[in-house]
2 protein chains.
Amino acid sequence: MSLSVSGWVTLAHGCHGRRHTAYGLLWRPHEGVDVTKRPTLADVAARAGLSKTAVSLVLNDRPGSRLSADAVARIHEAARELNYRPNAAARSLRLGRTGTVGFISDEVTITRFASAMIRGLLDVADENENGVLIAETGNHPKQLAKALEFMVDRQVDGLVFGALTARLLELPTLPESMRAVTVNCVSPTVPTAVLPSEEEAGYAVARQLLDAGHGAGLAILGNAPVAQSDPHVSVTIGRRFNGIHRALSEAGVTPVAVEDFEFWEPWHGYDAAKKVLESGAPVTGLICLNDRVAFGAQQALTERGLRVPDDVSIASFDDDEIASYMRPALTTARLPYEEMGRQAMELLLRPDDATGEHLVEMPLQVRGSVRSLG
Amino acid sequence: MSLSVSGWVTLAHGCHGRRHTAYGLLWRPHEGVDVTKRPTLADVAARAGLSKTAVSLVLNDRPGSRLSADAVARIHEAARELNYRPNAAARSLRLGRTGTVGFISDEVTITRFASAMIRGLLDVADENENGVLIAETGNHPKQLAKALEFMVDRQVDGLVFGALTARLLELPTLPESMRAVTVNCVSPTVPTAVLPSEEEAGYAVARQLLDAGHGAGLAILGNAPVAQSDPHVSVTIGRRFNGIHRALSEAGVTPVAVEDFEFWEPWHGYDAAKKVLESGAPVTGLICLNDRVAFGAQQALTERGLRVPDDVSIASFDDDEIASYMRPALTTARLPYEEMGRQAMELLLRPDDATGEHLVEMPLQVRGSVRSLG
DNA sequence: GTCTGTTGCTGAAAGGTTTTAGCAGTGGCG
DNA sequence: CGCCACTGCTAAAACCTTTCAGCAACAGAC
């Protein structure tokens, strides 16, 4: 091993070769400091000439404790000289909490679609000095059990359950003292949930096309009867359609085509768009149920020599990676994964528990794929 | 709170409403079992009428210990009845290890591009009964220091450092006893690294087009002088180009166009392709330095009425999401994130440390974007 | 009868922290 | 002086596990 020791952790970043310690700048062992063993409270106490109690009191600055200014100074100095850091295991053992939360999901972390959710979760956890333990179940009950077991054993201070698609999960009953939040999913056993505000988004997307004058030539790609009605598949797709239909009925509009399919990959969108175009329906505006469907639809349009938005306008949902890669870029209602992650972690960490369903706005990203008629 | 307690963790999954515990099926409190407090070794010992020592010995089945078959049975039964699970904090305190490893990266977890790396890491960690603590630095030295501090404090058994692009990191000197592996990056302080086998991939991609007869009309989109020479930007892009150039010079081929740009987003590919086409160079084959560049290039081709692969063939690198969405799907050398993650975790967890650089093959995904001439 | 070895089991220490209870000393008040 | 309150500090217990050292009982060998 070519690793060397210089204190506990010595950082040397950047291109400038400056050296830091993780705990302050430039820590070098002081005289009489044993570098091979992590210092303990007892070591600090000995060096400061005081008791462990005193050191613990000062380092955690407990309010009621009245130690002389001199003692406080000596303790801080000794801790700094020894580069003391508390032992997390000992502290957890004593305190029963760990400063760590768990995140368990089906496959949020291991697929590309909702990465931003982790960003939100990690950011807030970090702001609150919490670490995050991650486990993915791949939807296997056994993996879920294992993950939960692991987290409960480690005495995580709370649990966030996530899912790739917003659906009803049958999560276990948790120990009463365990705080928990679901994000992009719901479970009867977890009282607080964070979900995207899909009804509103459905309404906004439909309005975008209606307001641009596409009421007479509107098609819907990706109507999904199962997802709309089975909460184990989705609890939000139904709401998304409710929003769409509310906008349509307010405007007295009936779509010229509605294509049913449950899985929303580009090739499904391609096939559906092709079918609609071949049917001869007078389509000028397309509501695609996600960006991948929209992407596929655009491919079908291009093949027939139709242009977006000149010939056909498209609006969609998710704000996936490809939405901004398309030419023109896609007008779409963003799934606010990052904000949902943030909010979930905040709800978990805030002492006041606001149980219930927390809806996070899905902002409409207005880009070039919708053209106003006339 | 609507959470209720039935043992420590009770699972009720699936649509069938079957009930499990995390530790076995259907755990219900036995008589004389206090459900409000997690049982300890002492509780098990008391119930089995034996000492804590005996229980510990049996439950960890230590080889040398000779307890009667009856005692062993009684202990197992008591543990099962109480639904005993060892306290991880106490164990860590005693043992100095935690069964947890840390993963620290710039932004692997929080962006979509390398999610598969986490999948590989988590899978192997899980197979070895290890948990994973995750932290992202966003490339801020302070965040790195904080993450490291946290992990070292928690006494993780090892650390994996990851990066989104394979580059040289200036990681801190770690405590001597801390095992560490870098994945998709290298650091002078960490002796074992996992990287994609880019030279080979560059060669294979170039050969794909050369073998298809595009030697006379080859263009390269995304030549990146800085990335090729500055290891802080990339340690592998240079190798990728070495592979490409080796194939070209073996075939005695000089490209008809080479477009330089360092950032490989779709719009860069679009601009570059447009420029090459407008220059009138007789292009029949495009080597794009990643899939997003290829995607943009195809947009430019389409706009000029050129078709892939009929008019122009494309081969590329990464096997990004969009590679399989394109029509035709893209022939591309896959960045093997998942396999790299797996291998990194295996190297970390295996007791025998194989220091050095471990190259993981980048398999060529042959799809429809390359047409054979004549 | 003594010695040796084995079997089956246990007491107690150690690991590092937090916290309760309390000690010794000092000063003020009646 | 007697009492009280306060200041500045500490001993020891508790959190739960693993493991070292060793005890009691018994069998077999001499």
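By convention in this document, chain letters (A, B, ...) are assigned in the order of the sequence lines, proteins followed by strands, and residues within each chain are numbered from 1. Computation of the quantities below employed the complete heavy-atom set of this structure, encompassing side-chain atoms and omitting hydrogens, waters and symmetry-equivalent molecules. Note that this is a predicted model, so its numbers are computed, not measured.
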Residue list, side chain to side chain contact (heavy atoms under 4.5 Å, CB included) with [X], at least two apart or on another chain:
X: A:Thr53; answer: A:Ser51, A:Leu57
X: A:Ala354; answer: A:Leu347, A:His358
X: A:Ala42; answer: A:Thr40, A:Lys52
X: A:Arg119; answer: A:Ala116, A:Asp123, A:Glu338, B:Ile110

Using OP1 and OP2 only, check whether a side-chain N or O of [X] sits under 4.0 Å from [N].
X: B:Tyr84; N: D:dC16; result: no
X: A:Arg91; N: C:dG16; result: no
X: A:Ser68; N: D:dC9; result: yes

Return the value, rounded to whole Å, for the distance between atom [atom1] of [X] and atom [atom2] of [N].
X: B:Asp61; N: D:dT19; atom1: CG; atom2: P; result: 13 Å
X: B:Ile75; N: C:dC9; atom1: CD1; atom2: C1'; result: 10 Å
X: A:Asn87; N: C:dG15; atom1: CG; atom2: P; result: 12 Å
X: A:Arg62; N: D:dG8; atom1: CZ; atom2: C1'; result: 18 Å
X: A:Asp43; N: C:dG16; atom1: CG; atom2: P; result: 8 Å
X: B:Arg38; N: D:dC16; atom1: CZ; atom2: C1'; result: 11 Å
X: B:Leu95; N: D:dT19; atom1: CG; atom2: C1'; result: 10 Å
X: B:Arg154; N: C:dG16; atom1: CZ; atom2: P; result: 17 Å

Between A:Arg38 and B:Asp153, is there a salt bridge with N-O shorter than 4.0 Å?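 Salt bridge present between B:Asp153 and A:Arg38.
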Counting heavy atoms from C-beta on, name the nucleotide in C:dC9, D:dC16, D:dT17 closest to the side chain of B:Leu41.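 When the side chain of B:Leu41 is considered, D:dT17 is the closest of C:dC9, D:dC16, D:dT17.
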Close N or O pairs between protein and nucleotides 23-28 of chain C (under 3.5 Å):
none

Salt bridge (Lys or Arg N to Asp or Glu O under 4.0 Å) partners for A:Arg47, two or more places apart: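 For A:Arg47, the residues satisfying salt bridge (Lys or Arg N to Asp or Glu O under 4.0 Å) (neighbours in sequence not counted) are A:Glu81.
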In residues 50-60 of chain B, what residues come within less than 4.0 Å of DNA chain C, judged by heavy atoms? B:Leu50, B:Ser51, B:Thr53, B:Ala54
Which pairs, with at least one residue in residues 55-72 of chain A and sequence neighbours excluded, count as a salt bridge (charged side-chain N to carboxylate O under 4.0 Å, His left out)?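 Listed once each, the pairs are A:Asp70-A:Arg74.
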Salt bridge (charged side-chain N to carboxylate O under 4.0 Å, His left out): pairs with one or both residues in residues 126-136 of chain A, sequence neighbours excluded: A:Asp126-B:Lys146, A:Glu127-A:Arg342, A:Glu129-B:Lys146
Between A:Ala89 and A:Arg97, which has a closest nucleotide on DNA chain C that is more 5'? A:Ala89
Is the charged tip of A:Arg154 near the ring of A:Phe150: under 6.0 Å from the six-membered ring centre and within 45° of its axis?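 Ring-cation test returns yes.
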Under 4.0 Å, heavy atoms only, any strand: does B:Ala71 hit a base, just the sugar-phosphate, or nothing?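 It contacts sugar-phosphate atoms only.
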